[in-house]
Amino acid sequence: MKSATEDRLVPILRISFPDNDRLGRGKMELLERIRETGSISAAGRAMDMSYRRAWLLVSELNRMFNEPVVESQRGGQKGGGAALTPFGEELVERFRNMERALRSSLAGDLAWLESNRAPRTVSGE
């Protein structure tokens with residue numbers, strides 16, 4: 001059974017850049033996981049993503065902006081790691097602020113859509 005939050009309408013922010021670059025919730029979640037784990041590989045695993053895919057997304061993010069978003073360290077006694085740069089921290093904060101602003105500005109319209117949508121039926125009922 002779905003919870004009330006799983007059944008509500010949710011606007012999703014995705015910003016399309018020229019040349020097909022995109023910034024969305026998946027990349028933001030990856031950055032937040034890197035912040036939590038200190039590792040691109042652990043962040044990817046937490047999202048059921050291969051290290052290669054996580055690394056490619058980090059590389060894409062670093063290429064999209066004038067400043068790096070994630071810095072990685074190779075080897076060493078602890079085997080290296082990764083961390084968000086100050087710019088990366090601000091990117092995550094600003095993106096999450098944009099999401100909140102989007103939800104807030106669309107609240108009335110979403111409520112209207114919700115009140116007018118047809119009830120869902122589960123197959124077999």
Side-chain angles (χ1 to χ4, degrees):
M1 176 180 239
K2 288 186 175 182
S3 72
T5 57
E6 291 174 328
D7 199 36
R8 69 170 200 231
L9 302 177
V10 178
I12 296 173
L13 177 63
R14 185 178 84 185
I15 300 169
S16 295
F17 287 64
D19 301 322
N20 295 320
D21 287 330
R22 289 186 296 268
L23 189 62
R25 63 187 186 165
K27 286 178 181 162
M28 291 301 108
E29 181 180 350
L30 180 62
L31 292 177
E32 289 168 331
R33 302 274 182 148
I34 290 169
R35 179 198 300 142
E36 292 167 8
T37 64
S39 163
I40 294 171
S41 136
R45 278 193 307 273
M47 296 176 69
D48 291 327
M49 180 186 303
S50 71
Y51 171 76
R52 177 171 164 68
R53 177 72 178 138
W55 186 88
L56 288 172
L57 289 173
V58 167
S59 180
E60 184 179 327
L61 281 162
N62 281 339
R63 182 187 46 76
M64 288 171 61
F65 298 99
N66 291 328
E67 296 183 44
V69 177
V70 174
E71 290 180 329
S72 58
Q73 301 169 343
R74 293 182 180 213
Q77 290 180 339
K78 296 183 180 179
L84 299 188
T85 63
F87 176 80
E89 292 285 356
E90 185 170 353
L91 176 63
V92 171
E93 181 181 339
R94 286 180 177 267
F95 188 87
R96 295 305 186 198
N97 286 340
M98 286 187 274
E99 285 182 317
R100 283 188 288 278
L102 176 66
R103 285 191 301 271
S104 176
S105 67
L106 295 177
D109 292 317
L110 290 171
W112 182 85
L113 286 171
E114 184 64 47
S115 69
N116 286 288
R117 80 175 170 150
R120 289 190 61 141
T121 58
V122 177
S123 59
E125 285 186 14

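Model, not experiment: these values are computed from the prediction.
The backbone N or O of V69 sits less than 3.5 Å from a side-chain atom of T85, completing a donor-acceptor pair.
Annotation: the span from L110 atom CG to R117 atom CZ amounts to 10.5 Å, rounded to 0.5 Å. Atom CG of residue L113 and atom CZ of residue R8 lie 14.0 Å apart, to the nearest 0.5 angstrom. How far CD of E89 is from CZ of R94: 13.5 Å, rounded to the nearest 0.5 Å.
Among residues two or more places apart in sequence or in another chain, the salt bridge (Lys or Arg N to Asp or Glu O under 4.0 Å) test is passed with R63 by D21.
Considering every non-hydrogen atom in both L30 and G44, the closest pair reads CD1-N, 4.2 Å. Closest approach of T37 to A43, counting heavy atoms only: OG1-N, 3.7 Å. Smallest separation of non-hydrogen atoms from F95 and R25: CZ-N, 3.9 Å. Nearest approach of M28 to V92, heavy atoms of both residues: SD-CA, 3.9 Å.
Put simply, the side chain of E71 does not reach to within 4.5 Å of the side chain of N62, judged on heavy atoms.
The hydrophobic clustering, which links ILVMFWY residues whose side-chain heavy atoms are closer than 4.5 Å, places F17 and V70 together. Following chains of ILVMFWY side-chain contacts shorter than 4.5 Å, one can reach I15 starting from L91, so the two form part of one hydrophobic cluster. When the side chains of ILVMFWY residues are joined at heavy-atom separations under 4.5 Å, either directly or via intervening members, L106 and W112 end up in a single hydrophobic cluster.
Residue pairs satisfying the side chain to side chain donor-acceptor pair (under 3.5 Å) criterion with at least one member in residues 95-110, sequence neighbours excluded, are listed as follows: E32-R96, R96-E99, N97-R100.
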Could you list the donor-acceptor pairs under 3.5 angstrom formed between side-chain atoms of residues 45-61 and any protein atom two or more places apart in sequence or on another chain?
residue : atom : partner : partner atom : Å
R45     : NH1  : S41     : OG           : 2.7
S50     : OG   : R53     : N            : 3.0
E60     : OE2  : K27     : NZ           : 2.5

